[in-house]
Amino acid sequence: KLLATLCNDAMAGHLNPGEDIVEILALPFEAAVRGHRHAQLIRRSGRPTVEPLQIPPCGRDQVVRVSLGGESTLTVHVRVKPSERFVLLGDGVSVLTVVTMDAHELASREVIVVPTLDGPRQVSVPREKRVPGGRVRIARAGVGKRGHATGDLIVEFRTDGPVPGAPTAHSLAEMQA
């Protein structure tokens, strides 16, 4: 076959014996860390078939290969799109999220609703952690990987206003005068 025909066949999912299919799949971070079922349409001898593929949980780009029978292989390059809410930490299983609140509200609330990979969750926050830069760890709420323990979710608190009791620009200027 001509190269152009082979390329068109591959792009349309046509599969001849011994041919491989390579696909790039972009997943949002939140879907990638929980695992994802993907269906790949493949045409064998002119008949369409759907190959189910389970993408394992992972917060980083990965390559998944599946034998299609005979000498054919489906290779999926999974690209993980960054999240606006969550950041994967260096260990590959722990996740960081930032919660921004009014300073007075942060200091006064014992229970705070925080985002997790499984949806909002109420968390009891000790008084000493209810400050800007304070962090709490939610065990086993991070990324789960086969053969590894599930990571933790780390929640960092920030404020969007002045911190109660902290010096303001005005009071600092008065102290220097």
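Along the sequence shown, residues are numbered consecutively beginning with 1.
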Review point. Sub-3.5 Å donor-acceptor pair from the side chain of Asp160 to the main-chain atoms of Thr100, do we have one?
Key: no
Practice item. Might you work through the side-chain contact (heavy atoms from CB on, under 4.5 Å) test for Ile112 and Leu106, ending with a clear yes or no? Key: CA-CA 8 Å; Ile112 297 174; Leu106 175 61; 3.8 Å; yes
**Study point:** Check against side-chain contact (heavy atoms from CB on, under 4.5 Å), Val123 and Val155
**Key:** CA-CA 10 Å; Val123 177; Val155 181; 5.9 Å; no
Point to revise | Within-4.5 Å side-chain heavy-atom neighbours: Cys58 and Val143 | key: no
Revision key, fill the gap. For Pro120 and Val113, the nearest pair of non-hydrogen atoms, with its separation, is CB-CG1, 3.8 Å
**Study point:** Exercise: identify the closest heavy-atom pair between Pro115 and Arg85
**Key:** CG-CD, 3.3 Å
Check your understanding: Honestly curious: do Val64 and Leu27 fall in one hydrophobic cluster under the side-chain, below-4.5 Å linking rule?
Key -> yes
Practice item. State which residue, out of Asp152, Thr116, Leu117, fulfils the side-chain contact (heavy atoms from CB on, under 4.5 Å) condition with Val95. Key: Leu117
Check your understanding: Do Thr97 and Ile154 touch side chain to side chain, with heavy atoms closer than 4.5 Å?
Key -> no
Check your understanding: Looking just at side-chain N and O atoms, do Ser83 and Glu30 make a donor-acceptor pair shorter than 3.5 Å?
Key -> yes
Exercise for review: Assess whether atom CZ of Arg60 is packed by more than 12 heavy atoms of other residues, nucleotides or ligands within 6.0 Å.
Suggested key: yes
Review point. Is there a side-chain contact between Leu153 and Arg137, using heavy atoms and a 4.5 Å cut-off?
Key: no
Check your understanding: Any link between Val78 and Leu53 through a network of hydrophobic side chains (Ile, Leu, Val, Met, Phe, Trp, Tyr) touching at under 4.5 Å?
Key -> yes
Review point. Considering residues, nucleotides and ligands other than Arg34, do more than 12 of their heavy atoms fall under 6.0 Å from its CZ?
Key: yes
Review point. What's the shortest heavy-atom distance between Ala39 and Val50, and which atoms?
Key: CB-CG1, 3.5 Å
Practice item. Compare all side-chain heavy atoms of Val33 with those of Pro57 and state whether any distance is below 4.5 angstrom. Key: no
Practice item. Kindly determine whether Val93 and Thr150 satisfy side-chain contact (heavy atoms from CB on, under 4.5 Å), including the steps that lead there. Key: CA-CA 6 Å; Val93 293; Thr150 300; over 6 Å; no
Revision key, fill the gap. Between Val80 and Gly59 the two heavy atoms that sit nearest each other are CG1-O, 3.7 Å
Point to revise | Glu110 side chain near Arg130 side chain, heavy-atom distance below 4.5 Å | key: yes
**Study point:** Heavy-atom closest pair, residues Ser124 and Pro126
**Key:** O-CD, 3.9 Å
Point to revise | Contact check, side chains of Pro52 and Arg37, non-hydrogen atoms, under 4.5 Å | key: yes
Check your understanding: Rounded to the nearest 0.5 Å, how far apart are NZ of Lys81 and CG of Asp61?
Key -> 12.0 Å
Practice item. Quick one: pull up OG1 in Thr159 and CG in Asp102 and give me the separation to the nearest 0.5 Å. Key: 8.0 Å
**Study point:** side-chain contact (heavy atoms from CB on, under 4.5 Å) between Phe86 and Leu96, worked out
**Key:** CA-CA 6 Å; Phe86 302 102; Leu96 172 72; over 6 Å; no
**Study point:** Test item: Asp20 side-chain N/O and Leu74 main-chain N/O as donor-acceptor pair under 3.5 Å
**Key:** no
Check your understanding: Is Val125 close to Phe157 at the side-chain level, that is, under 4.5 Å between some pair of heavy atoms?
Key -> yes
Practice item. Measure the shortest side-chain to side-chain distance between Met101 and Arg109 over non-hydrogen atoms and say whether it is less than 4.5 angstrom. Key: yes
